[in-house]
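One structure is given here, and the rest of the page talks about it.
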Amino acid sequence: MSESKDESAAPNFVRDIIADDLRSGKHPQIVTRFPPEPNGYLHIGHAKAICVDFGLAKEFGGRCTLRFDDTNPVKEETEFVESIKEDIAWLGFEWSDIRFTSDYFDQLYAWAEDLIRAGKAYVDSQSAEQMKEGRGDFGTPGTNSPYRDRSVEENLDLFRRMKAGEFAEGAHVLRAKIDMASPNMNMRDPALYRILHAHHHRTGDAWHIYPTYDYAHGQSDAIEHVTHSLCTLEFEAHRPLYEWFIDNLDVPSKPRQIEFARLNFTYMVMSKRKLRQLVEEDHVLGWDDPRMPTLSGMRRRGFSPAAIVNLCERVGVSKRNSQVDVSLLEHAVRDDLNQHSPRHMGVMRPLEVVLENFPDDHTEWFEAPQFPGREDGGGTRRIPLTKVVYVEHDDFMEEPVKKWRRLAPGVEVRLRYAALVTCKEVVKNDVGDVVRLVCTWDPEAKGGNPADGRKVKGTIHWVSAEHGVPATVRNYDRLFSVENPGAGETNFLDQLNPDSLEVLEGARVEPDLAQAEPGTRIQFERLGYYCVDPDSSPDALVINRTITLRDSWAKKS
RNA sequence: AGGGGCGUCGACAAGUGGCUUAAGUCACCAGGUUUUGAUCCUGGCAUUCGUAGGUUCGAAUCCUACCGCCCCUGCCA
């Protein structure tokens, strides 16, 4: 059991730390937490954090709590709480508890008074601008606030009145009394509480002061007995402060903060600001637009949770700022979909083919495996062949290039699983477009196996004109056309890929797809992986292309 | 400028003084199988670990200096 786990789990420094702590007996069991701020949708970057936080807890038999970091009522909404829960569950993880930092507001407040009584916090009445000036610079130490030496009594009185709502926003702020000359800016008397007369999504109007992230996070971890508080690199400089609170307060446990690099991909933007801009300025159709790197977008696109979890394991955990090649994501998606998506045929741009020697009004049925690669075929589906079929327009070339293995005048190809046909005639319209092919079929080669054993190189997909079901297919491609959207002086919006969405209204697909439920993931053979969109209905199929199959032929040409 | 991090193949990433004349994955290249030009299989792909010195019988791993990149001056998280 543990051996197979070791094989799949690549070593990383966080795993090492946890394993050491467990081995040494520092902790009998580990506790982690995933602490999203409920102010937006989760994206693929969060998926990595989820895999690390929940995944490591699961792997080592510990627990992970889901804690909404709701210390800023002006930015947070309940709507996001639900979508975050849905996304985590979709990825397959279970939280041991759901908590909110706001659950701890009373305790946090009590600790703040403790700090004041210990002479380690004070109410500053400077303006934000004055505080900024007093903070100094990277090179120069800050200066103490003129309010820094207020008495404990005065501080307590002021702080309580802040809490009671007696002051305007910005009038006062509670600060830790640490060191205005610290080379670490975070230690120059950081703010603990600010006055905010805002309605909180959970505590309503009960509070007029709210704790800052720095003041709330570590203590919340301590309350939950978190052993390993895993976060991203930008919090590294906050760790001394995190520890200062833990050391100066009577907290129930001593969590350890460990930072690791966030996940970035080529051809993507991940910042909340940019994602919001894409949605609000209508560059995409919403937060769950299949081109978005949000988990809801990827879900709608057809990415499977297993693919995303596998990807995170492949990417690993380190402290290096890095940007992962999207091809790694694409590989993870194809790898999982290849194993789990039943095969079907669908013609994106239909070209009519008439089998002239095929009996009129006749339907020939064939059985085709759902998973041709598997030994047992993974089950079968039935597909009808009729006199008129559609093939992919791209699969015909009047003047074939060298090494062409598809339809062309005089050439014989296989209609996958069904027949061998030879192109006899090309019919064009007034402007010279090919509108129809007249072919013959070999009645002796049912299923596509020639009686004489002759080699037929090309196999193409097709759909019966009579039985095929019309569908709208939405082909998605990467949202940006450059590896680093917005790098340097450029505006990322100028680098949107104009072809990120292509809508095909006239596709025809196998009849057994007519009743497919939204969310159904399939492969259209020779094309790619697809997923039935939520917009789909039995009389108006809408299918999203998740990702194409690899195509070494297209690459060559 | 001060502080905190990080630099191993095109992209991720193992490795923490000898079993490494540096794992694995993606990408890429070359073959094979194939009723998906898919999958699958095989082979190739860093004499070198940011650079320069040093310690050592022996260094990607230790020391020194230098170079580069990222983060930090919100009453955001």
Side-chain angles (χ1 to χ4, degrees), chain A residues 10-12 35-37 39 69 71-72 74-76 124 126-128 131-133 135-142 169-175 182-188 190-196 209-210 212-214 216-217 231-240 259 261 263 265-266 272 311 313-332 334-335 338-339 343 345 368 371-373 403-406 413-418 420 447-449 456-461 483 523-528 548-557:
Chain A
N12 67 55
E37 182 187 13
N39 73 340
D69 213 342
T71 57
N72 189 348
V74 317
K75 292 170 60 183
E76 295 144 6
D124 196 346
Q126 297 183 102
S127 66
M131 274 182 61
K132 182 179 169 64
E133 279 173 39
R135 194 151 26 230
D137 213 322
F138 288 138
T140 53
E169 291 187 6
H172 307 282
V173 40
L174 184 73
R175 289 229 257 174
S182 171
N184 181 342
M185 301 300 286
N186 296 121
M187 300 299 269
R188 321 249 262 225
L192 272 40
Y193 272 91
R194 72 282 211 189
I195 298 169
L196 251 28
I209 56 173
Y210 291 91
T212 58
Y213 162 85
D214 280 316
H217 203 88
C231 63
T232 46
L233 252 27
E234 68 269 26
F235 292 104
E236 226 154 8
H238 292 245
R239 194 181 342 122
E259 313 83 14
L263 179 58
F265 281 104
T266 53
K272 260 174 197 169
L311 168 82
E313 189 55 43
R314 283 170 196 267
V315 164
V317 180
S318 78
K319 292 179 77 95
R320 269 185 251 179
N321 278 114
S322 61
Q323 187 179 39
V324 178
D325 199 319
V326 258
S327 64
L328 192 59
L329 203 211
E330 294 172 346
H331 176 266
R334 290 192 180 105
D335 190 35
N338 176 46
Q339 298 172 58
R343 266 97 275 211
M345 289 195 286
F371 293 92
K403 294 201 172 176
W404 181 254
R405 306 215 303 236
R406 312 175 190 180
V413 299
R414 175 162 31 237
L415 297 186
R416 189 155 166 83
Y417 303 125
L420 257 28
N449 300 304
V456 176
K457 277 184 306 186
T459 298
I460 64 176
H461 58 274
E483 281 200 0
Q523 181 198 95
F524 278 137
E525 296 199 70
R526 303 210 312 130
L527 295 176
T548 62
L549 251 31
R550 287 185 65 208
D551 189 348
S552 57
W553 169 252
K555 196 180 295 177
K556 259 178 235 168
S557 338

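Just so it is clear, the structure is predicted and the values come from calculations on it, not from any experiment. Order of the sequence lines sets the chain letters (A, B, ...), proteins ahead of strands, with each chain counted from 1.
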Discussion item. If you define the side chain from C-beta out and look only at heavy atoms, does anything of A:M185 sit under 4.5 Å from A:P190?
Written reply: no
Item to complete: Measure the spacing between CZ of A:R135 and CG of A:N186 and express it to the nearest 0.5 Å.
Response: 9.5 Å
Practice prompt. Nearest 0.5 Å please: distance from the CZ atom of A:R343 over to the OH atom of A:Y417.
Written response: 8.0 Å
Taking the same atom, [atom1], in [N] and in [M], what whole-Å distance lies between them?
N: B:C75; M: B:G68; atom1: C1'; value: 36 Å
N: B:C19; M: B:G58; atom1: P; value: 15 Å
N: B:A52; M: B:U61; atom1: P; value: 13 Å
N: B:C71; M: B:C9; atom1: C1'; value: 27 Å
N: B:G53; M: B:C12; atom1: C1'; value: 32 Å
N: B:G4; M: B:G18; atom1: C1'; value: 34 Å
N: B:U48; M: B:A23; atom1: C1'; value: 15 Å

Pairing nucleotide - [N], Watson-Crick or G-U, each distance under 3.5 Å:
N: B:A1; value: none
N: B:U47; value: none
N: B:U39; value: none
N: B:G7; value: B:C67
N: B:C19; value: none

Worksheet item: Can a donor-acceptor pair under 3.5 Å be found between the side-chain atoms of A:Q523 and the base atoms of B:U36?
Response: yes
Worksheet, complete the sentence: The contact string for nucleotides 9-14 of chain B, one letter per nucleotide 5' to 3', using protein heavy atoms under 4.0 Å with B, S and - for base, sugar-phosphate only and none, comes out as --SSBS
Practice prompt. Report yes if at least one side-chain N or O of A:R135 is closer than 4.0 Å to OP1 or OP2 of B:G2; otherwise report no.
Written response: no
Worksheet item: Within the pair A:K132 and B:G74, is there a side-chain N or O less than 4.0 Å away from OP1 or OP2?
Response: yes
Fill in: Presence of salt bridge, A:E169 and A:R194, under 4.0 angstrom
no
Practice prompt. Figure out the CG/C1' separation between A:L196 and B:G74, and round it to whole Å.
Written response: 12 Å
Worksheet entry | Rounded distance (Å) that lies between atom C1' of B:A77 and atom CD of A:E234 | 9 Å
Worksheet entry | Under 3.5 Å: donor-acceptor pair, side chain of A:T71, backbone of A:T212 | no
Worksheet item: In terms of side-chain heavy atoms, does A:N184 have a donor or acceptor partner in A:S182 at a distance below 3.5 Å?
Response: no
Worksheet item: Do A:D124 and A:H172 get their side chains close enough for a donor-acceptor pair, meaning under 3.5 Å?
Response: no
Worksheet item: Can A:F138 be called stacked on B:C72 when the rule is centres closer than 5.5 Å and an angle between planes below 30°?
Response: yes
Item to complete: Report which part of the nucleic acid A:G170 touches: base, sugar-phosphate, or nothing (heavy-atom distance under 4.0 Å, all strands).
Response: base
